[in-house]
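Hydrogens, waters and symmetry mates play no part in the numbers below; they use all other heavy atoms, side chains included.
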Amino acid sequence: MFIDPHPAKYSVDSNSDATTWKTAIGLTLFTRDDQLKTHETETRPYTVQLKRAARTTTNATPEPVSKGKKVTVTGKVTRANWGTKKYDAYSGRTVSLQFRAKGAKTYKTLKKATRNGTGNLRTTVTAGVDGYYRWVYYGNTTTGAATSTADDVDYPDAPPPAAPRRAGPASPPPVGRTRHTCPHG
């Protein structure tokens, strides 16, 4: 369970709350005039891992870029600070740079990078085909995973992606002409 640091939410207010919690069932009974009658709590043998939410961003430049030239992919990793109800830089962890070519369905990891002291990411890759770059942080015991929105990079001199093949004829059969004769004349 990942918890966002939104200021209107009051349930978590300390970063040390990111840990394993025991579960419990609570029962509260009230009288007809809303007076507390009884309250019972019973712990259960189940646990839940409470984690701080994380965010990542991606920016790939230049756009567009020529094939064979360098693309610089930057980003930032932040995580929830429950004490201040804001997101702070999150440094010192390894993040994966992924790429998906246009027309493909899956991303592939190109390389890994370690965030600097301010949570910034920066690496370079060689341009090849049109596609999408994104950063992925896989999380740890106190911070949840995060995947950035992908940044689209076009290569004007790249060949277009292959069109999917369709079953059947490539084009409809030719339409023939028929001669109509009039029976009256």
Side-chain angles (χ1 to χ4, degrees), residues 1-61 63 71-123 125 130-153:
M1 177 183 316
F2 310 146
I3 305 293
D4 186 70
H6 192 277
K9 296 180 180 166
Y10 54 87
S11 56
V12 180
D13 61 0
S14 171
N15 293 328
S16 63
D17 289 337
T19 188
T20 303
W21 287 73
K22 292 181 181 178
T23 59
I25 295 175
L27 173 68
T28 305
L29 298 175
F30 293 92
T31 62
R32 289 181 189 211
D33 59 352
D34 287 332
Q35 298 300 315
L36 177 64
K37 183 173 184 177
T38 186
H39 178 78
E40 299 280 332
T41 302
E42 182 178 317
T43 59
R44 294 292 180 179
Y46 308 107
T47 59
V48 64
Q49 183 71 36
L50 193 61
K51 295 182 179 188
R52 294 162 68 179
R55 291 181 178 170
T56 57
T57 61
T58 301
N59 186 32
T61 56
E63 295 176 51
V71 176
T72 300
V73 185
T74 59
K76 191 162 181 81
V77 180
T78 57
R79 74 172 172 172
N81 182 328
W82 294 334
T84 63
K85 306 291 187 202
K86 296 178 181 177
Y87 278 86
D88 292 338
Y90 191 36
S91 60
R93 303 279 185 226
T94 300
V95 180
S96 296
L97 176 65
Q98 295 185 337
F99 178 78
R100 178 176 62 89
K102 282 190 178 171
K105 295 187 182 205
T106 58
Y107 280 87
K108 294 183 180 179
T109 299
L110 299 179
K111 57 172 64 176
K112 296 182 185 286
T114 302
R115 294 161 286 184
N116 67 16
T118 59
N120 292 322
L121 299 159
R122 181 183 181 90
T123 192
V125 292
D130 291 351
Y132 309 91
Y133 292 95
R134 72 180 185 183
W135 289 106
V136 178
Y137 172 62
Y138 291 102
N140 59 29
T141 59
T142 62
T143 305
T147 300
S148 68
T149 300
D151 191 11
D152 178 12
V153 176

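- Listed by chain and residue number, Tyr133 satisfy the ring pair (Phe, Tyr, Trp, His ring centres under 6.0 Å) test with Phe99 (two or more places apart in sequence, or in another chain).
- The heavy-atom pair separating Thr109 from Ser96 by the smallest distance is CG2-CB, 3.9 Å.
- Of all non-hydrogen atoms in Gly144 and Ala54, the two that sit nearest each other are O-CB, 3.5 Å.
- The two residues Lys105 and Arg100 come nearest to each other via the heavy atoms C-CD, 3.8 Å.
- Side-chain atoms of Asp151 come within 3.5 Å of backbone atoms of Ala60 as a donor-acceptor pair (strictly under, hydrogens ignored).
- The CG atom of Asp88 lies 4.5 Å from the CG atom of Asn81; values are rounded to the nearest 0.5 Å.
- Exactly one residue among Thr58, Asn120, Leu121 makes a side-chain contact (heavy atoms from CB on, under 4.5 Å) with Lys76. That residue is Asn120.
- Side-chain contact check for Thr56 versus Val136: every heavy-atom pair is 4.5 Å or farther apart.
- Of the possible polar contacts, one joining the Arg52 side chain to the Ala80 backbone as a donor-acceptor pair under 3.5 Å is found.
- Neither side chain, Thr143 nor Lys51, offers a donor N or O lying under 3.5 Å from an acceptor on the other.
- Under the 4.5 Å side-chain criterion, counting only non-hydrogen atoms from C-beta, Tyr107 is not in contact with Thr147.
- The closest side-chain heavy-atom distance from Tyr132 to Asp152 is below 4.5 Å.
- Formation of a donor-acceptor pair under 3.5 Å by the Trp135 side chain with backbone atoms of Asn59 is not found in this model.
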